S.K.: 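The following block contains the structure, expressed as structure tokens.
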Amino acid sequence: MENINPEAYQESKLYRIRHSTAHVMAAAVLEKFPEAKIAIGPPIEHGFYYDFDLPRPLTQEDLEELEARMKEMLKETREFDYEEISPAEAQELFADQPYKLELIRDILERGTDEYGEKSDSPPQLSIYKSGDFVDLCRGPHVETTKEINPKAVKLLNVAGAYWRGDSERPMLQRIYGTAWRKPKELRQYLAWLEEVKQRDHRRLIRELDLLSFHEDAGPGLAYWHPRGALMRKTIEDFWRDQHLEGGYDFAYTPHIGKAWLWEKSGHLAYYKDSMYAPMDVDGQDYYIKPMNCPFHIMIYNSQLRSYRELPLRWAELGTVYRYEKSGVLHGLMRVRGFTQDDAHIICTPEQIEAEVLRVLRFSLAMLRAFGFEDFQAYLSTRPGDAIGEPARWDQAQESLRRAIDAEGLDYQVDVGGGAFYGPKIDLHIKDALGRSWQLTTIQFDFNLPERFDMTYVGEDGAEHRPYVVHRALLGSIERFFGILVEHYAGAFPIWLCPEQARLIPIADRHIEYAKAVEEQLQQAGLRAQTDASSSRMGAKIREAQLMKVPYMLIVGDREAEDETVSVRLRSEENLGAMTVEDFIVRAQEAIQTRAVQ
RNA sequence: GCCGACGUAGCUCAAUCGGCGGAGCAUCCGCCUUGUAAGCGGAGGGUUGUGGGUUCGAUUCCCACCGUCGGCUCCA
């Protein structure tokens, strides 16, 4: 998938094609359901949608019928005619379209556009007509349906969507479709969707025997099987080593704490819906932690702190539990129990700039080690309901901005998008399929230091309030793992593979030699196993291929005689025979460089 | 949480109109002893997600619940 920036997209012909195709779809829906109420239908990243209030739920068959009708409509030449109209005309025209009337009201009264976003231009109502279909719309559209290739259009699925994205308002039916310039582009997009499906971590974690979920034991709770657990250990060991080198200290904190902690932190006031119900311990309410911060603060406050010991950088792979609503759980990407690669940086105002740059660099190095190269940064600044001194906000935001500049990252500013307690940087990576995932978050907190009265004694002998920065680089281990699975389609870099090499004896008489080589490889620190099953060699190779084992080492009479292994890669490349020593050197090199094969 | 679809063996899927639940793969047991992606034969495996209801009879129809999937909302 090509990636184009949002501004260029909105200017593009493709954008107009999709917008116009959405109108044609709405025309087909209105033809089939004359009583339908239409809402909005914008182009989106890979297509378009349109929301409808319909007399009955749509079926897959309806979708096919609508698509067929759209294609007929597209074969007729219809012009998309723009017209500016007065409020009275608009109200007349859309008299039986309550959603449109609401939009008209908003455009006139609030100066927003038809998607509810602030518009710079003075309120002006406009419509587009094509055939019998008229829609309140500012455009832009194609000139005529001739510009839309019916063979490059497809309706994809139906889903529920709240009117204006508001869960208090009616649930509409949203039809998603896609449209491209050429049929070939549509085919490529459909192939891409198929690739997305093939790489779905929910399928791969089962097929590769890495993790499972158990609906009967609790949804949204991940079970790490031995192969997955070995990968997780490898990730965590690397993470710890890096943190040690990176100037962090470690903390381990409890999984539960008394209610006052969460009252004091404000979580019970603002976050209770996402917390599990308390448990009674000796008549006291204890909550399972949804975050690690209050515990790290307990450590900080366990003694008087001097400016001389700052900055403190305390890292913890902290497992937290959050009650996520049932409809939002999604494999490893959204779970109810997960381990954050958390850390808190506690420092003086003088140190903050250097600390922010340091943590940003650290994060980029960490993500690069896992094979991610394409980063975008998002800076979220002070919202309206912020707490904390404006001067501190300014300093924090500036330090974040300068760090991004220093690293030369592309970034966007989400003005007012910060949490009420502090500004933040989020880092997104692009995966092998061009999809964007948020991983790192570097987040100031002006709230907790106040609430827990965190202080340090400064050079002047007076008490000062430290800066606190929360940060998670990988985010959650579970989610990061899911992203790795999809990014590599299960064919992980060798250093991460649970099984790095598989010995494949051709006949039973070669098992003894295979086991000897296995032992030799294990001595050299390689994760190797012998397939001693009664299957034929072809079946063993197939099995190892499906498990995406990077090295298949075939051993038969020749290899046993020469003390070699015949090396096959999961790429299907056959390297031929080499001595066991040569193979070990080769594999260790790939592991040490964290090579992406 | 909301809208819709779905839930049959470990996995992928069958089962006419409501009439004794099957197949492939996987597993186990044999045989075969193999040269770069599936050798052959046999066996075991199910309260059809759970609980109600309708019916002489329910995988099939109805209701509730649980879960999964596609979205929406949410993600201080």
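Since the structure is predicted, the reported quantities are computational estimates derived from the model, not experimental observations. Each chain gets a letter, A, B and so on, in the order the sequences are listed, and its residues count up from 1.
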S.K.: Please state the C1' separation for the pair B:A26 and B:C13 - nearest whole angstrom.
M.R.: 14 Å
S.K.: What is the separation between atom CG on A:Leu204 and atom P on B:U12, rounded to the nearest whole Å?
M.R.: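 Checked: the CG to P distance equals 13 Å.
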S.K.: For A:Ile504 and B:A38, give me the distance from atom CD1 to atom P, rounded to whole Å.
M.R.: 12 Å
S.K.: Between A:Arg336 (CZ) and B:G67 (P), how many Å, whole number?
M.R.: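 Taking CZ of A:Arg336 and P of B:G67, I get 7 Å after rounding.
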S.K.: When rounded to the nearest Å, what value does the distance between C1' atoms of B:U73 and B:C2 take?
M.R.: 8 Å
S.K.: Just to be sure I understand the rule, does A:Asp273 reach a base, reach only the sugar-phosphate, or reach nothing, if contact means heavy atoms closer than 4.0 Å?
M.R.: nothing
S.K.: Roughly how many Å is it from CG in A:Leu332 to P in B:C75, rounded to a whole number?
M.R.: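 After rounding, the gap between these two atoms is 23 Å.
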S.K.: Per the atom types in the model, does the base of B:A37 pair as donor or acceptor with the side chain of A:Arg570 at under 3.5 Å?
M.R.: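 Under the 3.5 Å cut-off, the side chain and the base do not form any donor-acceptor pair.
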S.K.: Can you tell me how far P of B:C2 sits from CG of A:Leu172, to the nearest Å?
M.R.: 17 Å
S.K.: With nearest nucleotides of RNA chain B determined for A:Asp200 and A:His267 from heavy-atom distances, which residue corresponds to the more 5′ nucleotide?
M.R.: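 Looking at RNA chain B, the more 5' nearest nucleotide goes with A:Asp200.
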S.K.: When the distance from OH of A:Tyr323 to P of B:C74 is rounded to whole Å, what number comes out?
M.R.: 16 Å
S.K.: Over how many whole Å does the gap from A:Lys197 atom NZ to B:U12 atom P extend?
M.R.: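 The distance from NZ of A:Lys197 to P of B:U12 comes to 12 Å, rounded to the nearest Å.
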S.K.: P atom, B:G18 versus B:A23: distance in rounded Å?
M.R.: 25 Å
S.K.: Answer yes or no for A:Arg174 and A:Tyr49: cation-pi contact, defined as NZ/CZ to six-membered ring centre under 6.0 Å and angle to ring axis within 45°.
M.R.: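 Verdict for A:Tyr49: a cation-pi partner in A:Arg174.
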S.K.: Between B:C32 and B:C69, how far apart are the P atoms? Round to whole Å, please.
M.R.: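 B:C69 and B:C32 have their P atoms separated by 47 Å.
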S.K.: With ring-ring contact (aromatic ring centres under 6.0 Å, His included) as the criterion, how do A:Tyr50 and A:Phe48 come out once you've worked through the C-alpha distance, each side chain's angles and the decisive distance to 0.1 Å?
M.R.: CA-CA 7 Å; A:Tyr50 210 115; A:Phe48 59 88; 9.0 Å; no
S.K.: What's the closest nucleotide to the A:Met537 side chain, out of B:G39, B:G67, B:U36?
M.R.: B:U36
S.K.: With rounding to whole Å, what would you report as the distance between B:C20 and B:U60 at their C1' atoms?
M.R.: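 It comes out at 15 Å once rounded to the nearest Å.
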S.K.: Is the distance from OP1 or OP2 of B:A26 to the nearest side-chain N or O of A:Arg542 less than 4.0 Å?
M.R.: no
S.K.: With A:Phe295 as reference, evaluate A:Trp262, A:Trp314, A:Tyr300, A:Phe452 under the ring pair (Phe, Tyr, Trp, His ring centres under 6.0 Å) test and give the passing residue.
M.R.: A:Trp262
S.K.: C1' atom, B:A76 versus B:C61: distance in rounded Å?
M.R.: 47 Å
S.K.: How about A:Tyr270 and A:Phe420: are their ring centres within less than 6.0 Å of each other?
M.R.: yes
S.K.: Taking B:A37 as the reference, what is the distance to B:G42 when you measure between their C1' atoms (whole Å, please)?
M.R.: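 My reading of the C1' atoms in B:G42 and B:A37 gives 26 Å.
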S.K.: Among the nucleotides B:C31, B:U12, B:C74, which one has an atom lying closest to any side-chain atom of A:Val328?
M.R.: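 Within the option list, the nearest is B:C74.
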S.K.: Can you check the A:Arg203 CZ to B:C13 P distance for me, whole Å?
M.R.: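 Interatomic distance, CZ of A:Arg203 to P of B:C13: 9 Å.
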S.K.: Between A:Trp192 and A:Arg187, is there a cation-pi geometry (under 6.0 Å to ring centre, at most 45° from the normal)?
M.R.: no
